[in-house]
Amino acid sequence: LISNDEAFGIAISPKGDDLLYVNSFGGRDTLRIYHSKKINGKWQKPEPSFFSNDRFNQIDPSYSPDGENILINAYVSEAKRYDVCLLSKTFEGWSLPELLSDAINTEAHEFYATMALSKSIYFTRRNESNDIYVSYWQDGNYQKAVPLKGNINTENSESNPYISPKEDYLIFISTRDGGYGNADLYISFNKNNSWSTPINLGENINTKDSEFCPSSDYSNNRFFFARTIIKKEKRIENIFSVPMESLRINELRQQAKWD
């Protein structure tokens, strides 16, 4: 239903009964978020999400760990950039997307945002290259976003941060040297808000092509990611999943090093 060579960026609700993903239509000109619901144990045919807007592209959906919020990114044509938007659960269903404050959104592109249990938001900001930032939730407000401390950001591109609910590890993509392909998935561990030297997730996940959009479905203990292959100027993109235990997170945590 979903992996049709034109899909990436899956997000599954904490209860495991709703999912969102991006339909890429084989390129980047048109990007729409689609929705599917699981009924009687079966996923229904995906349809455009209720907040889908034909006037501008929307990408990178993610659910908060408590299921009370959805984060997406919208390319508002007037601003000519991607910004982070928030939807909140209501008695009737969901609110419409609302732009987050300038603590997160700037004149640059901000995209691929994920939320921890603390409500802090980790996201990508495109400066000279892509870098990963965090905006901490304190006293009922988001604080001015800051780059992650440690060895996360380099002169290469680091983006697509998936933050674990307890903020003890981060999975993201990087084009740094030493990988298997164009862009690989890495993991880093948190110690007092300082992040360990990233560890490549290995050849069971990464290939000579580009892996991106990490996410998790804790209700079914699955890890998800997307892979893109360019053939004859067309993007072939599909979503993959593996058991969470195959990531060997506890083993990699023992190998983690901090400068």
Side-chain angles (χ1 to χ4, degrees), residues 7-24 31-36 48-53 56-76 79 81-90 93-106 108-126 130-138 140-146 148 158-167 169-173 212-219 223-226 239:
F8 69 87
I10 194 170
I12 297 180
S13 65
K15 292 183 178 179
D17 56 358
D18 282 279
L19 68 78
L20 299 165
Y21 73 96
V22 181
N23 190 332
S24 67
L31 298 167
R32 299 287 183 265
I33 295 177
Y34 275 54
H35 170 259
S36 178
S49 64
F50 76 90
F51 54 84
S52 181
N53 191 319
F56 48 82
N57 287 340
Q58 295 175 324
I59 58 172
D60 301 344
S62 67
Y63 287 92
S64 62
D66 61 7
E68 294 296 312
N69 297 105
I70 295 172
L71 291 168
I72 67 166
N73 301 110
Y75 188 93
V76 181
R81 65 174 184 264
Y82 277 105
D83 284 324
V84 180
C85 302
L86 179 78
L87 293 80
S88 299
K89 187 171 281 188
T90 67
W94 290 94
S95 70
L96 291 175
E98 296 183 3
L99 281 174
L100 290 176
S101 73
D102 59 7
I104 292 175
N105 291 315
T106 67
H109 287 289
E110 279 83 23
F111 59 98
Y112 209 91
T114 56
M115 185 184 293
L117 279 170
S118 68
K119 297 187 70 172
S120 294
I121 293 176
Y122 293 70
F123 65 96
T124 309
R125 177 173 292 161
R126 181 166 296 164
N130 293 328
D131 293 309
I132 297 174
Y133 281 67
V134 59
S135 175
Y136 295 110
W137 176 260
Q138 295 177 355
N141 291 288
Y142 282 106
Q143 307 303 302
K144 183 178 179 181
V146 295
L148 291 191
E158 280 77 34
S159 67
N160 288 204
Y162 166 73
I163 187 63
S164 66
K166 295 181 180 179
E167 294 172 273
Y169 66 86
L170 181 85
I171 297 176
F172 64 100
I173 66 172
F212 65 120
C213 288
S215 66
S216 293
D217 172 14
Y218 286 99
S219 65
F223 175 72
F224 288 84
F225 63 97
I239 298 166

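For clarity, every value in this text was computed on a predicted model and none was experimentally measured.
- Among all heavy-atom pairs drawn from A116 and I163, the shortest one is N-CG2, 3.9 Å.
- With values rounded to the nearest 0.5 angstrom, N69 atom CG is found 12.0 Å from Y63 atom OH.
- The side-chain hydrogen bond (donor to acceptor under 3.5 Å, both in side chains) analysis of residues 112-121, with sequence neighbours excluded, yields the pairs S118-S120, S118-E167.
- No side-chain donor-acceptor contact under 3.5 Å links S216 to the backbone of Y218.
- The two residues P61 and I72 come nearest to each other via the heavy atoms CA-CG2, 4.1 Å.
- To the nearest 0.5 Å, atoms NE2 (H35) and CG (L20) are separated by 6.0 Å.
- Between E110 and N73, every side-chain heavy-atom pair lies at or beyond the 4.5 Å cut-off.
- Side chains of F51 and W94 form no contact here, defined as non-hydrogen atoms less than 4.5 Å apart.
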query: Under the side chain to side chain contact (heavy atoms under 4.5 Å, CB included) criterion, do N130 and F172 qualify, and how do the steps go?
result: CA-CA 12 Å; N130 293 328; F172 64 100; over 6 Å; no
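- Between the T124 side chain and the N160 main chain, a donor and an acceptor come within less than 3.5 Å of each other.
- Residue Y162 holds its OH atom at 8.5 Å from CZ of F223, rounded to the nearest 0.5 Å.
- Atom NZ of K144 has 12 or fewer heavy atoms from other residues, nucleotides or ligands within 6.0 Å.
- With F8 as reference, F212 is the one residue of F212, F225, Y34 to meet the ring pair (Phe, Tyr, Trp, His ring centres under 6.0 Å) rule.
- Between the side chain of S95 and the backbone N or O of S88, at least one donor-acceptor pair lies under 3.5 Å.
- Between A226 and G9, the shortest heavy-atom distance links the atoms CB-N, 4.3 Å.
- Side-chain contact between L148 and Y122 is present, with heavy atoms from C-beta onward closer than 4.5 Å.
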field: Full working for side chain to side chain donor-acceptor pair (under 3.5 Å) between N53 and R32
entry: CA-CA 8 Å; N53 191 319; R32 299 287 183 265; over 6 Å; no
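- For S215, there are no side-chain hydrogen bond (donor to acceptor under 3.5 Å, both in side chains) partners two or more places apart in sequence or in a different chain.
- In terms of the side-chain hydrogen bond (donor to acceptor under 3.5 Å, both in side chains) criterion, Y142 has no residue partners (sequence neighbours excluded).
- Listed by chain and number, the residues in a side-chain hydrogen bond (donor to acceptor under 3.5 Å, both in side chains) with E68 amount to none (sequence neighbours excluded).
- With hydrogens and angles ignored, the 3.5 Å screen pairs no side-chain donor or acceptor of D131 with any backbone N or O of R125.
- Y133 pairs by the side-chain hydrogen bond (donor to acceptor under 3.5 Å, both in side chains) definition with N127, not counting sequence neighbours.
- Between Y75 and Y82, the gap from one ring centroid to the other is short of 6.0 Å.
- In this structure, CG in L19 is found 8.0 Å from CD1 in I239, a value given to the nearest 0.5 Å.
- Residues P14 and S219 share a closest heavy-atom pair of O-CB, 3.6 Å.
- For F111, there are no ring pair (Phe, Tyr, Trp, His ring centres under 6.0 Å) partners, not counting sequence neighbours.
- Taking every heavy atom of both residues into account, V22 and I59 meet most closely at CG2-CA, 3.8 Å.
- The distance from atom CG of L86 to atom CG of L71, rounded to the nearest 0.5 Å, is 5.5 Å.
- With hydrogens and angles ignored, the 3.5 Å screen pairs a side-chain donor or acceptor of S135 with a backbone N or O of Q143.
- Taking both residues in full, the closest heavy atoms of A11 and S62 are given as CB-CA, 3.8 Å, listed atom of the first, atom of the second, then distance.
- Rounding to the nearest 0.5 Å gives a distance of 6.5 Å between OG of S24 and CG of L31.
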